[in-house]
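In what follows, a single structure is set out as C-alpha cells and then discussed.
Because the structure is predicted, anything quoted here is derived from the model rather than measured. Numbering of ligands and ligand atoms starts at 1, following listing order.
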Amino acid sequence: MASKVKIFQELNDAIIAYDEESAKKAAQKLVDEKADFFKAIKEMSDTMFEIGEKFHTGELFLPHLVMAADCMQAAADIIEPHLPKDKVEKQTLGTVVIGTVEGDLHDVGLSIVAMRLKTAGFKVYNLGKNVSVDQFISKAEQVNADIIAASALLSVARSKQRDLIEEVKDRGLPFKVMIGGGPVTREFAAQIGAHGFGEDSEEAVESAKEVIKKKKGGIK
Ligand code: B12
C-alpha cells in the first residue's frame, strides 16, 4: 500500500511538472487509498499559490499557470465524486448559483468552493467563468436561488462584484450575494454590502450557512 504522504507528494510533483496524466493517477490513488481529500485540495491550492508567486517574480510564464491549473482541475474532477458528504447533506441547505465574474477567467478556486458547498449540502449551479451580472441573475431567478456566489481573482474584476450587488439591491431581488477570491478582502465585502464572504472554501461554507440562517430568520 503506498503511503498517503507519498501520494500527496506525487500529486504536488505532478502539478509542478505540469503532468496531467500523473496528476490524474495520483488523484486516483488518493481515492483508492481513501485519503483525506480536503487535505489533498488544500495541498494543491498551496502548490498553485507557489506557482503564482513564481509567475509574479517572472520565474514562470502564463503557459505554466494554464498547465498547472489544468492538472489541478483534472485531479479535482477525479476526487470530487468521492468527497465525503456532511451529515446534514440529506436535506438541501439552500440553492447557490456560483460563477467567476465577467472578464475574469480564473475558475480553480471557484470549482473548489462549488465542490465544498455541494458536499456541505447546498444545491449548486456552477456557471463557470466570465459570467455577466445578467447571467448570474437570470440563472438565480430560473432556479429560485437563495445565494449568488461570485468569485474574482483579478483586482479589476472586483467592480463586477459591486455591480452584481447593486443590481440585486436596486431591483429588490430576493437573492443574497456572497463574494470571494484572491484580491477580495473582508473589508471590501463589507464596503460593497455583500451578505457573505469567504477567504477559502471552508469559510465559504460557514458564510453560506450563516446567510441562509439570517435569510430564514428574516434578517436583512
Ligand atoms: C492559475 C492562474 C491563472 C490561470 C487560470 C486558469 C484557471 N482555469 O483558473 C490563467 C493562466 C488562465 C491565468 C490568467 C491570468 N492571470 Co492568473 N493566476 C493564476 C494563479 C497562479 C492561481 C489562481 C488559483 O487557481 N489559485 C488556487 C485557488 C484554489 O485559490 P483561489 O482562486 O484564490 O480560491 C480560493 C479563495 O480565494 C476562495 N474563493 C475563490 N472564489 C471564491 C468565491 C466565493 C464566493 C468565496 C466565498 C470564496 C472564494 O476559496 C478558494 C479556495 O480556497 C494566481 C496566483 C495566486 N496566487 O492566486 C494568478 C493571478 C490571479 N493571475 C493574475 C493575472 C495578472 C493573470 C492575467 C491577467 C495574466 C496575463 N498577463 O494575461 C491573466 C488574466 C486572464 C483573465 N482575463 O482572467 C494575477 C492577478 C493580479 C490581480 N490581483 O489583479 C495573479 C494574482 C498572479 C500574480 N501574482 O500576478 N491565471
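Side chain of D104 to main chain of L153: a donor-acceptor pair is present (N/O by atom type, distance under 3.5 Å, no hydrogens or angles). The backbone N or O of E43 lies less than 3.5 Å from a partner atom in the side chain of T47, making a donor-acceptor pair. Looking at R171, its side chain never comes within 3.5 Å of a backbone N or O of V168 through a donor-acceptor pair. Side-chain atoms of H195 come within 3.5 Å of backbone atoms of V177 as a donor-acceptor pair (strictly under, hydrogens ignored). Distance alone, capped at 3.5 Å, is enough to place a donor-acceptor pair between the K169 side chain and the G193 backbone.
Taking CG of L173 as the reference point, atom CD1 of I148 lies at 7.5 Å (rounded to 0.5 Å).
Under the 4.0 Å distance rule, the nearest protein heavy atom to atom 11 (C) of ligand 1 falls inside the cut-off. Note that atom 86 (C) of ligand 1 has no protein non-hydrogen atoms nearby, at separations under 4.0 angstrom. Not a single protein heavy atom sits closer than 4.0 Å to atom 71 (N) of ligand 1. Protein heavy atoms are absent from the 4.0 Å sphere centred on atom 79 (C) of ligand 1. At least one protein heavy atom sits closer than 4.0 Å to atom 19 (C) of ligand 1. Within a 4.0 Å radius of atom 67 (C) of ligand 1, the protein contributes no heavy atom. At least one protein heavy atom sits closer than 4.0 Å to atom 15 (C) of ligand 1.
Note on K215 versus D146: salt bridge recorded, some NZ/NE/NH1/NH2 to OD/OE distance being below 4.0 Å. Salt-bridge annotation for K214 and E210: absent, with no side-chain N of the basic residue lying under 4.0 Å from a carboxylate O of the acidic one. Salt-bridge annotation for E167 and R162: absent, with no side-chain N of the basic residue lying under 4.0 Å from a carboxylate O of the acidic one. For the pair K25 and E10, the salt-bridge criterion is not met [side-chain N within less than 4.0 Å of a carboxylate O].
At a heavy-atom cutoff of 4.0 Å, ligand 1 is contacted by both the backbone and the side chain of D107. Contacts between K129 and ligand 1, counted as non-hydrogen atom pairs separated by less than 4.0 Å, are absent for every part of the residue.
The ligand atoms of ligand 1 that sit less than 4.0 angstrom from a heavy atom of G182 are 33 (O), 37 (O). Every atom of ligand 1 is numbered from 1 in the order shown, and the set under 4.0 Å from a heavy atom of I112 is 29 (C). The V66 neighbourhood of ligand 1 comprises atoms 11 (C), with distances under 4.0 Å to a heavy atom of that residue. The D104 neighbourhood of ligand 1 comprises atoms 78 (O), with distances under 4.0 Å to a heavy atom of that residue. Of all atoms in ligand 1, listed by their number and element, those nearer than 4.0 Å to a heavy atom of F49 are 57 (N). Per-residue contacts place G181 under 4.0 angstrom from the following atoms of ligand 1 (heavy atoms of the residue considered): 37 (O), 39 (N), 40 (C), 41 (N), 42 (C), 49 (C). When each atom of ligand 1 is checked for a heavy atom of S45 under 4.0 Å away, the hits are 29 (C).
Pairing each heavy atom of I15 with each of C71, the nearest pair is CG1-CB, 4.1 Å. When all heavy atoms are compared, the tightest approach of A76 to M44 is N-CE, 4.3 Å.
For R116 and F122, the positive end is not near the middle of the six-membered ring at less than 6.0 Å and at most 45° from its axis.
Where the criterion is an N or O separation shorter than 3.5 Å, residue side chain and backbone included, S155 meets it with respect to ligand 1. Looking at G103 next to ligand 1, an N or O pair under 3.5 Å apart turns up.
Comparing I179, V108, D200 by heavy-atom distance to atom 45 (C) of ligand 1, the nearest is I179. When A149, S151, G109 are ranked by how near their heavy atoms come to atom 35 (C) of ligand 1, first place goes to G109. Here the shortest heavy-atom distance to atom 89 (N) of ligand 1, taken over Q73, E53, H56, belongs to H56.
Between H64 and F55, a ring centre-to-centre spacing not shorter than 6.0 Å is recorded.
The number of protein N, O or S atoms lying under 2.8 Å from atom 17 (Co) of ligand 1 is 1.
Protein heavy atom closest to atom 6 (C) of ligand 1, with residue, atom name and distance, is A69 CB, 3.5 Å. Taking atom 22 (C) of ligand 1 as the reference point, the nearest protein heavy-atom neighbour is M48 CE, 4.0 Å. Nearest protein heavy-atom neighbour of atom 48 (C) of ligand 1: G198 O, 3.4 Å. Among protein heavy atoms, the minimum distance from atom 46 (C) of ligand 1 is reached at G180 CA, 3.5 Å. The protein non-hydrogen atom at the shortest distance from atom 52 (C) of ligand 1 is S201 N, 3.8 Å.
The residue from K34, K29, Q28 that alone fulfils the side chain to side chain donor-acceptor pair (under 3.5 Å) condition with D32 is Q28.
Grouped by direct or indirect side-chain proximity (heavy atoms under 4.5 Å, Ile/Leu/Val/Met/Phe/Trp/Tyr only), L154 sits with V156.
By the 4.0 Å heavy-atom criterion, E199 is counted among the residues contacting ligand 1.
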